[in-house]
Amino acid sequence: MQSEKMCVVLLFGGMSSEHEVSRVSVGNFVNNIDREKYEVLTVGITKEGRWLYTEATAEQMADGSWEELPGNMPCVISPDRADHGMILFTPSGQVEKLHVDVVIPALHGLWGEDGTVQGLLEMAGIAYVGCGVLGSALCMDKVCANLVMDAAGIARCEWDYMEAWQLADFDAIERRVAEKLHYPIFVKPANAGSSVGISKAADKAALRAAVELALRHDSRVVFERF
């Protein structure tokens with residue numbers, strides 16, 4: 001399986017609510033990466049957290065049928081720097097070590113963009129594409145990111161946030177954010193990507209529904225001026 005080409009691992013799927021978005025995104029790499037220069041290994045992570053090496057097409061990844069392919073094999077990225085790569089568990093019961101040069105995490109949301117995968121790759125000593133551990137973790141959490149920008153004096157739209165336990169006093173929350181931000185107001189989970197759990201609320205009833213939707217994805221909700 002290994003060649004003299006630089007070995008690139010594409011990670012897709014994941015356990016976040018944006019699993020389906022990642023399955024589509026990875027197709028851009030699968031269809032466009034130069035196979036003359038790179039050996040490409042694709043690893044899908046199921047919603048349950050299983051890591052599977054797969055030779056699925058971009059179409060099979062996008063529609064989810066990749067999980068049922070008979071050629072899939074369980075695998076892991078080894079944190080042991082002596083391995084510097086991936087461990088594959090073959091159907092014959094053998095363990096195969098594959099050297100990896102770089103990982104492209106085509107993952108969205110938690111357990112992908114939030115520093116967790118980046119931390120694993122840092123431990124393993126494997127290069128990867130994208131932000132580092134701190135940048136990934138900080139920017140995934142919109143409350144922490146906004147607090148840091150406030151402290152640094154970085155100008156942007158006005159914002160506010162709430163914790164899940166505060167839903168019991170929603171009227172007070174609504175009065176505060178409506179006075180500060182004015183309708184319409186964008187509502188989003190603090191820890192998610194940019195494609196799920198987000199609403200634009202034009203009044204109190206819509207704001208309540210938007211908060212309840214966001215709380216399905218995280219325990220904190222961010223409000224932003226439209």
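In this text, all values refer to a predicted model and were calculated from it rather than measured experimentally.
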Within the supplied structure, the quantity of interest is the number of heavy atoms (other residues, nucleotides, ligands) at a distance under 6.0 Å from [X] [atom1]; does it exceed 12?
{"X": "Arg176", "atom1": "CZ", "result": "yes"}
{"X": "Met149", "atom1": "CE", "result": "yes"}
{"X": "Tyr38", "atom1": "OH", "result": "no"}

Determine whether [X] and [Y] make a side-chain contact, defined as any pair of heavy atoms from C-beta on separated by less than 4.5 Å.
{"X": "Ser136", "Y": "Glu113", "value": "no"}
{"X": "Asp169", "Y": "Ile173", "value": "no"}
{"X": "Phe29", "Y": "Thr42", "value": "no"}
{"X": "Ile87", "Y": "Val95", "value": "yes"}
{"X": "Leu120", "Y": "Pro79", "value": "yes"}
{"X": "Asn191", "Y": "Arg220", "value": "yes"}

[X]-[Y] co-clustered via ILVMFWY side chain contacts under 4.5 Å:
{"X": "Met73", "Y": "Ile45", "result": "yes"}
{"X": "Ile126", "Y": "Val133", "result": "yes"}
{"X": "Phe170", "Y": "Tyr183", "result": "yes"}
{"X": "Val26", "Y": "Leu41", "result": "no"}
{"X": "Met61", "Y": "Leu11", "result": "no"}

(Q) Could you go through Lys204 and Leu207, starting from their C-alpha distance and side-chain angles, then the distance that decides it, and tell me whether this counts as side-chain contact (heavy atoms from CB on, under 4.5 Å)? (A) CA-CA 5 Å; Lys204 182 176 181 178; Leu207 188 72; 5.5 Å; no
Q) Can Glu67 and Lys47 be said to form a salt bridge (Lys or Arg N to Asp or Glu O under 4.0 Å), step by step? A) CA-CA 11 Å; Glu67 289 191 36; Lys47 286 185 175 181; over 6 Å; no
Q) Please walk me through it: do Thr116 and Asp114 pass side-chain hydrogen bond (donor to acceptor under 3.5 Å, both in side chains)? A) CA-CA 6 Å; Thr116 49; Asp114 60 347; 2.7 Å; yes
Which atom of [X] lies closest to which atom of [Y], heavy atoms considered:
{"X": "Ala58", "Y": "Gly27", "answer": "CB-CA, 3.8 Å"}
{"X": "Ala206", "Y": "Ala201", "answer": "C-CB, 3.7 Å"}
{"X": "Asp63", "Y": "Arg23", "answer": "C-NH2, 3.6 Å"}
{"X": "Arg81", "Y": "Glu122", "answer": "NH2-O, 2.7 Å"}
{"X": "Ala190", "Y": "Asp218", "answer": "CB-OD2, 3.3 Å"}
{"X": "Ser22", "Y": "Gly13", "answer": "OG-N, 2.9 Å"}

Q: Could you check Glu158 against Arg225 for salt bridge (Lys or Arg N to Asp or Glu O under 4.0 Å), going step by step and ending with a plain yes or no?
A: CA-CA 6 Å; Glu158 290 186 85; Arg225 181 188 289 273; 2.4 Å; yes
Q.
Walk me through whether Met162 and Leu167 qualify under side-chain contact (heavy atoms from CB on, under 4.5 Å).
A. CA-CA 8 Å; Met162 65 170 282; Leu167 188 61; 4.2 Å; yes
Q) Any salt bridge between Glu224 and Lys188, counting N to O under 4.0 Å? A) yes
Q: For the pair Tyr161 and Glu163, evaluate side-chain hydrogen bond (donor to acceptor under 3.5 Å, both in side chains) and give the outcome as yes or no after the intermediate values.
A: CA-CA 7 Å; Tyr161 78 100; Glu163 305 277 353; 4.6 Å; no
**Q.** Chi angles and distances behind the side-chain contact (heavy atoms from CB on, under 4.5 Å) call for Asp150, Arg156
**A.** CA-CA 9 Å; Asp150 281 348; Arg156 71 206 182 289; 2.7 Å; yes
**Q.** Verdict with supporting geometry, His108 and Ser16, side-chain hydrogen bond (donor to acceptor under 3.5 Å, both in side chains)
**A.** CA-CA 7 Å; His108 293 263; Ser16 82; over 6 Å; no
Q. With a 6.0 Å cut-off on ring centres, are Phe226 and Phe186 close enough?
A. yes
Q | Geometric class of the Trp66/Phe12 ring pair [parallel <30°, tilted 30-60°, perpendicular >60°] | A | perpendicular
Q | Residues Val187, Val211; criterion side-chain contact (heavy atoms from CB on, under 4.5 Å); working and verdict | A | CA-CA 7 Å; Val187 183; Val211 166; 4.3 Å; yes
Q) Yes or no on salt bridge (Lys or Arg N to Asp or Glu O under 4.0 Å) for Glu212 and Arg208, after CA distance, side-chain angles and deciding distance? A) CA-CA 6 Å; Glu212 291 176 351; Arg208 173 79 186 221; 2.9 Å; yes
Q.
Looking at Val100, is its backbone amide N or carbonyl O close enough to the side chain of Glu39 to form a donor-acceptor pair, meaning the two atoms are under 3.5 Å apart?
A. no
